[in-house]
S.K.: 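Got a structure for you, written out below as structure tokens; questions coming shortly.
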Amino acid sequence: RRFRPNSAWSDHISVSPQFRRRGIAKALRLQVFAELASRGIHKLYGGALSGNRPSLQLARSLGFRELADVTYRKFGFKKSWRCRRCPALPRAPGS
């Protein structure tokens, strides 16, 4: 997907098990947001596996919301993907 000049994409953040639940991923994300804002980036897109609850919870706690569920499949040389829009979720007050 091509993004507009004021948009960015984030793929994955991983914290070693012995350092989890200390706010490291959240602090890192907030630092990234500040850096992107200083560069004029206003939208950040990301992805997480639908079964990765900690990743989804982190994203939600930082104000992200699900837009679509993308399923990618590969059988031999045949590749396909399906994109289903998520139902609109109510926005939090003040967002």
S.K.: Excluding sequence neighbours, so at least two apart, what forms side-chain contact (heavy atoms from CB on, under 4.5 Å) with Arg53?
M.R.: none

S.K.: Any side chain to side chain donor-acceptor pair (under 3.5 Å) pairs touching residues 13-29, not counting sequence neighbours?
M.R.: Ser10-Arg29, Ser16-Gln18

S.K.: Would you mind listing the cluster partners of Phe75? Hydrophobic ones only (ILVMFWY), side-chain contacts under 4.5 Å, chaining allowed.
M.R.: none

S.K.: What residues, two or more places apart in sequence or in another chain, satisfy side-chain contact (heavy atoms from CB on, under 4.5 Å) together with Ser50?
M.R.: none

S.K.: Please examine the side chains of Leu58 and Phe64, heavy atoms only from C-beta on, and report whether any two atoms are closer than 4.5 Å.
M.R.: no

S.K.: Is there a path from Val32 to Tyr45 through hydrophobic residues (I, L, V, M, F, W, Y) whose side chains come within less than 4.5 Å of each other?
M.R.: no

S.K.: Could you work out, with salt bridge (Lys or Arg N to Asp or Glu O under 4.0 Å) as the rule, every residue matching Arg60, not counting sequence neighbours?
M.R.: Glu66

S.K.: Of all the heavy-atom pairs spanning Pro5 and Ile41, show the shortest one and how long it is.
M.R.: O-CD1, 3.7 Å

S.K.: Please list, chain by chain and in numerical order, all residues satisfying side-chain contact (heavy atoms from CB on, under 4.5 Å) with Lys74, sequence neighbours excluded.
M.R.: Tyr72, Lys79

S.K.: Among all residues two or more places apart in sequence or in another chain, which pass the side-chain contact (heavy atoms from CB on, under 4.5 Å) test with Ala48?
M.R.: Ser55, Leu56

S.K.: Measure the shortest side-chain to side-chain distance between Arg82 and Val70 over non-hydrogen atoms and say whether it is less than 4.5 angstrom.
M.R.: no

S.K.: Anything under 3.5 Å between a donor and an acceptor, one on a side chain of residues 33-40, the other on a protein residue two or more places apart or in another chain? List them.
M.R.:
residue	atom	partner	partner atom	Å
Glu35	OE2	Arg39	NE	2.6
Glu35	OE2	Arg39	NH2	3.1
Ser38	OG	Glu35	O	2.7

S.K.: Membership question, hydrophobic clusters at under 4.5 Å side-chain separation (ILVMFWY): are Leu30 and Leu44 in the same one?
M.R.: yes

S.K.: For Arg84, which residues count as a salt bridge (Lys or Arg N to Asp or Glu O under 4.0 Å) partner, sequence neighbours excluded?
M.R.: Asp69

